[in-house]
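Only heavy atoms go into these numbers, but all of them, side chains included; no hydrogens, no water, no symmetry mates. This is a predicted model, so every value here is computed, not measured.
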Amino acid sequence: MICYAEQLFSLVVMSIPLPAARICLLDLDTFFVSVERILNPDLIGKPVVVGGKRGSRGVVTAASYEVRPFGVRSGISMAEADRLAPPEAIFIPSTRGVYSDYAQKVRDIAQDFTPQTRVASIDEMYLDFNGCERLYKRPVDDDDDATIERVCWEMTGRIQQELGLPSSCGIGSCRTVAKVASGVAKPAGVRLVPAGTEADFLGPLPVRKLPGIGPKAEERLHAIGITTLAEVASSPVERLKPIFGSRSQDMRLRAMGFGKTSLGRERPAFREHDPVGGSVGSISNERTFAEDISDVHDVESRICGLVERVCWRARKRQVKARTVTLKLRYNDFETLSRSRTVEPTHSEADLLPVVLELYRKLRSRKKRVRLVGIKLSNLGTFGKQLELFDERARLHRSVDDIRKRFGFDAVGAAASKGSQKKR
């Protein structure tokens, strides 16, 4: 039974007027597959899996609609995709260096319709059409919502015509509703949820449709008899706490149709994003090997290369790190991580001995290594002026200048190249 306080809270929340439906999520449908089809039109209409050759290691980057009925989707292992996909499915590796360019071209088109854009991932961006009604209003439009919906159709049409990329749009009063609406609009559709109808739109949908509810949360909700978002919205917080913990109230509100009305922060994906002075979050790189590695020196060489890369990125940001973390995954998928606090640094000469010591403590002689990763955190600007007279800093500047001109792989520590046969 819902207590009086819960009932009062629900009444107060439902009485809050929602803003107009003007937040749009532009989602590029099966983006990686679509780009590959531009590069090779013979793939059009065929079941395509992007991520690697059939039977290779790694995970699926994207799966075309033709192969999804068989259970193949992004994020599953290539081995599982190989097992599920029909014999005629075409497996191809990702084409490096092209996806980000297409994503930028999409953004250029989107900014012709509204200057307020934020990249959410390589294939998604949020747009704010608030206040654009007068700019785009036409006599054929029944109301302001019809104007914005028409404009989004024009935008997706232009993306298809100029770039050959299908896309979908969801428009709502907040990011949550826009995200769910874009999923409902797929493929190549537009769905606007008028302000005030959010609960009616979300209510009948299965719980998994709400961002933040994954397969485990879905299973636990089903176990207590909650299958729709309407049931999440009407459940008391205490009933949801075993599943969502401190997020329970927030999940209730989102299931009702309330959420953030700002576009959020920029989240560039695929390419490393290192803004100068950016001390928020962390800097990390990891690598899954094509074959499991048992040779200790080979693993240490790969670790050295990753340490070089995160330190190079830290110097690009002009920040230093006080914490370094090593992530290690073995061939049986056991995953371990260890961290160490250090004096603020962005030098591989300082961090490599620390990371190698962490690795040697975690090393198992009986297991092969599948993945290694390095993360720098607790970032900040520490003692920047002293670097002007530091010999090591001058070496860093020389190395970084070479990389700026010729790419990261143009120069590096000998230890990180020892395992590579071709150089």
Side-chain angles (χ1 to χ4, degrees), residues 10-29 34 65 106-120 123-206 209-211 228-230 233 253-264:
S10 297
L11 289 173
V12 171
V13 167
M14 297 309 293
S15 66
I16 299 174
L18 287 165
R22 298 294 178 263
I23 301 296
C24 169
L25 177 64
L26 174 63
D27 190 342
L28 301 173
D29 299 340
S34 298
Y65 287 112
V106 171
R107 188 174 194 178
D108 292 340
I109 292 176
Q111 288 179 329
D112 286 343
F113 291 84
T114 174
Q116 299 297 320
T117 65
R118 293 290 187 279
V119 172
D123 58 353
E124 293 181 331
M125 70 181 68
Y126 284 101
L127 317 173
D128 190 350
F129 283 99
N130 186 42
C132 295
E133 300 85 358
R134 290 185 179 181
L135 179 64
Y136 293 114
K137 187 73 173 180
R138 291 182 182 175
V140 295
D141 300 329
D142 294 333
D143 53 28
D144 289 345
D145 283 351
T147 298
I148 300 303
E149 186 174 3
R150 175 181 53 77
V151 168
C152 287
W153 276 111
E154 293 175 359
M155 179 173 61
T156 58
R158 184 174 160 190
I159 293 170
Q160 176 67 61
Q161 182 179 7
E162 295 185 13
L163 303 178
L165 295 174
S167 58
S168 300
C169 282
I171 311 122
S173 54
C174 63
R175 295 207 309 259
T176 296
V177 174
K179 171 74 172 177
V180 176
S182 70
V184 172
K186 286 178 175 290
V190 173
R191 177 64 185 270
L192 183 142
V193 181
T197 68
E198 291 83 1
D200 294 335
F201 166 68
L202 294 171
L205 298 177
K209 291 292 185 181
L210 190 70
T228 68
L229 293 180
L253 288 171
R254 294 171 69 184
M256 294 177 188
F258 292 87
K260 295 180 180 179
T261 57
S262 65
L263 296 184

Worksheet entry | Arg175 side chain reached by Leu25 side chain, heavy atoms, under 4.5 Å | no

Worksheet entry | Test item: Asp128 and Ile23 side chains (from C-beta on) under 4.5 Å apart, heavy atoms | yes

Quick check: closest heavy atoms across [X] and [Y], and the distance to 0.1 Å?
| X | Y | answer |
| --- | --- | --- |
| Phe113 | Val151 | CD2-CG1, 3.6 Å |
| Glu198 | Met256 | CB-O, 4.0 Å |
| Ala181 | Phe201 | CA-CZ, 3.8 Å |
| Gly259 | Thr176 | CA-OG1, 4.5 Å |
| Leu210 | Arg254 | CD1-O, 3.9 Å |
| Leu127 | Thr117 | CD2-CG2, 3.2 Å |

If you measure from [atom1] on [X] to [atom2] on [Y], what distance do you get to the nearest 0.5 Å?
| X | Y | atom1 | atom2 | result |
| --- | --- | --- | --- | --- |
| Lys179 | Lys209 | NZ | NZ | 11.0 Å |
| Asp144 | Glu133 | CG | CD | 4.5 Å |
| Arg138 | Arg150 | CZ | CZ | 4.0 Å |
| Ile148 | Cys24 | CD1 | SG | 9.5 Å |
| Cys152 | Tyr136 | SG | OH | 9.5 Å |
| Tyr126 | Lys260 | OH | NZ | 10.5 Å |

Discussion item. Taking side-chain hydrogen bond (donor to acceptor under 3.5 Å, both in side chains) as the definition, give me every residue that meets it alongside Lys137, ordered by chain and number, with sequence neighbours left out.
Written reply: none

Item to complete: Check side-chain hydrogen bond (donor to acceptor under 3.5 Å, both in side chains) between Thr147 and all other residues, then give those that pass, not counting sequence neighbours.
Response: Asp141

What pairs with [X] under side-chain contact (heavy atoms from CB on, under 4.5 Å), at least two apart in sequence or on another chain?
| X | answer |
| --- | --- |
| Ala185 | Ser168, Arg191 |
| Thr156 | Leu26, Trp153, Ser167, Cys169, Val190 |
| Gln160 | Pro166 |
| Asp143 | Asp145, Ala146 |

Discussion item. I'd like to know if Glu154 and Arg158 make a salt bridge, using a cut-off of under 4.0 Å between side-chain N and carboxylate O.
Written reply: no

Discussion item. Given 3.5 Å as the limit, does a donor-acceptor pair link the side chain of Asn130 with the main chain of Arg22, or not?
Written reply: no

Item to complete: Taking atom NZ of Lys186 as the centre, report whether more than 12 heavy atoms of other residues, nucleotides or ligands fall under 6.0 Å from it.
Response: yes

